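Below: one structure, written as structure tokens.
These figures come from a predicted structure and were not determined experimentally. Note that ligands are numbered from 1 as they come in the structure, with each ligand's atoms numbered from 1 the same way.
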Amino acid sequence: MTTMTTSEEYADLWAYVEERRPGIEAALRANLPLAPAHVETRFNEALEYALFPGGKRFRPVLTLLGAELVGGNPDEMLPAAAAVEFIHTSSLIFDDLPCMDNASERREKASLHEKFGEGLAVLVGLGVLNAAYPLVFANHAGSPEKAIQAHAEIVECIGAAGMVGGQSVDLAMLSGENGSGSEDLETAESIRNLKTSALMRLALRTGAILAGATYIELAALSRFAELLGDAYQLSDDLLDLDEDGELFSEDRTTLAIERGESNARFRLRNTIDEAKRILVDNFPSSRARTVLVQMTDYLAERNA
Ligand code: GRG
């Protein structure tokens, strides 16, 4: 569900998201991995429930911005943007399962497994994930080398060196397996952040790759995404602290607890400053760049 502030500070960001949202919704609908209707199951109903009305749609927006930042046409990237939202949605479905975060709510309603049962939730998660892979070829069959590169990007982002690996560290941190020293925690946190940053990297780079970005531009986007993911997780860890600097609920520790809230706020500020500097140093001034700068501030300063 969308909860957008209309703060002046983020005016370009919200205007861009609102402008692009209809195209993204249409691309999601056009590429829904519906099950054949011959035998009645609740798969299609559960699929609809998982994807609509959806959340902020920031990740598909990142795909369009990645393309625009390097001079591409965002309209051509809508199927790829839908692929990125499918991957995001599947990660949320899996993350909410009882064997992971065991979340009963998602996007201001009951989580998918809570509403439709675990079996169907796993199937919908796999269905949308699987639907993502071919979508980078839509509109790009004429430039197969770019589409193949974007496809490889998806494989890498989801795998053990990306979201899956990051989530496994998250699970280890939850059960206290990650060692006790502060340095261990630093390493563990930076790998855990992959669960968030890998998808941000994928979202941005897929659009940029399909738009013909240079190696240097892609490297800058990787570094930016890594910092954006770190900033997002740091702000998440700060939101998880209660007034006494302890975690609200979970049985785990974070650097925000070990080193204190002001240290975490300092690191967050440095991280977003560096992220924005990378954008400004590597890409010429444009609307897409302004929107990305505002998104960086928004993700780090959000309070929910
Ligand atoms: C096989 C794709 C796949 C993943 C397996 C479960 C898992 C590994 C990774 C979990 C990754 C995860 C859920 C990270 C947290 C991501 C995050 C910051 C979610 C919230 O993002 P918002 O607020 O969500 O942008 P909306 O609802 O607005 O889309």
Side-chain angles (χ1 to χ4, degrees), residues 1-5 10 13-14 17 20-21 24-25 28 33 49-63 65 81-103 105-113 118 121-133 153-174 189 191-204 206 225-226 228-240 250 295-296 298-304:
M1 205 81 52
T2 325
T3 43
M4 294 185 179
T5 58
Y10 305 120
L13 170 62
W14 300 135
V17 172
R20 287 292 165 195
R21 207 178 164 95
I24 292 168
E25 301 301 319
L28 290 170
Y49 183 88
L51 282 161
F52 303 103
K56 297 176 286 298
R57 307 294 198 212
F58 272 179
R59 287 161 192 79
V61 160
L62 281 175
T63 303
L65 287 169
V84 167
E85 183 64 19
F86 283 159
I87 295 166
H88 172 52
T89 300
S90 93
S91 78
L92 299 179
I93 294 169
F94 293 136
D95 194 44
D96 290 343
L97 288 172
C99 58
M100 300 266 181
D101 259 13
N102 196 15
E105 279 193 26
R106 169 66 63 187
R107 292 172 167 171
E108 295 171 25
K109 58 187 187 182
S111 55
L112 193 64
H113 69 269
E118 279 179 62
V122 168
L123 292 176
V124 170
L126 285 170
V128 288
L129 182 63
N130 197 47
Y133 291 93
E153 190 82 14
I154 293 188
V155 173
E156 189 178 325
C157 149
I158 294 174
M163 300 173 78
V164 166
Q167 180 76 354
S168 78
V169 172
D170 201 56
L171 281 180
M173 289 173 83
L174 203 54
E189 278 200 5
I191 303 173
R192 173 205 59 172
N193 293 355
L194 274 174
K195 73 176 190 171
T196 307
S197 60
L199 186 53
M200 291 178 173
R201 186 179 70 214
L202 172 76
L204 280 162
T206 298
E226 191 185 334
L228 195 61
D230 284 350
Y232 193 101
Q233 281 304 145
L234 259 174
S235 72
D236 231 31
D237 291 345
L238 279 162
L239 286 170
D240 277 345
E250 290 172 349
M295 197 189 277
T296 308
Y298 174 80
L299 288 183
E301 285 161 18
R302 81 214 147 88
N303 48 24

Self-check item: Residue part near ligand 1, for K56, under 4.0 Å between non-hydrogen atoms
Solution: both
Quiz item: If every non-hydrogen atom of A50 is compared with every non-hydrogen atom of I93, which pair is closest and at what distance?
Solution: CB-CD1, 4.0 Å
Self-check item: Interfacing atoms of ligand 1 (cut-off 4.0 Å, heavy-atom, G55)
Solution: 26 (P), 27 (O), 28 (O), 29 (O)
Quiz item: Is E301 close to S235 at the side-chain level, that is, under 4.5 Å between some pair of heavy atoms?
Solution: no
Practice problem: For ligand 1, note which part of R59 has a heavy atom under 4.0 Å away: side chain, backbone, both or neither. | Solution: side chain
Self-check item: ligand 1 N/O within reach of S90 N/O, cut-off under 3.5 Å
Solution: no
Quiz item: Relative to Y49, does K109 satisfy both conditions: NZ or CZ under 6.0 angstrom from the six-membered ring centre, and within 45 degrees of the ring's axis?
Solution: yes
Self-check item: Heteroatom proximity flag, T196 to ligand 1, N/O under 3.5 Å
Solution: no
Self-check item: S197 side chain reached by L228 side chain, heavy atoms, under 4.5 Å
Solution: no
Practice problem: Select one of side chain, backbone, both or neither to describe which atoms of H88 lie under 4.0 Å from any atom of ligand 1, heavy atoms only. | Solution: side chain
Exercise. Return yes when R107 approaches ligand 1 closer than 4.0 angstrom through a heavy atom, no otherwise.
Key: yes
Quiz item: Does ligand 1 have any atom sitting under 4.0 Å from a heavy atom of F58?
Solution: no
Practice problem: Could you list the atoms of ligand 1 found under 4.0 angstrom from a heavy atom of Y232? | Solution: 18 (C), 20 (C), 21 (O), 22 (P), 23 (O)
Practice problem: State, with a plain yes or no, whether a side-chain heavy atom of E189 is found less than 4.5 Å away from one of D237. | Solution: yes
Quiz item: Can you tell if the side chain of F94 reaches within under 4.5 Å of the side chain of L126, non-hydrogen atoms only?
Solution: yes
Quiz item: Out of G166, S91, P60, who gets a non-hydrogen atom closest to atom 12 (C) of ligand 1?
Solution: S91
Quiz item: With a 4.5 Å limit on heavy-atom distance, are the side chains of Q233 and D170 in contact?
Solution: no
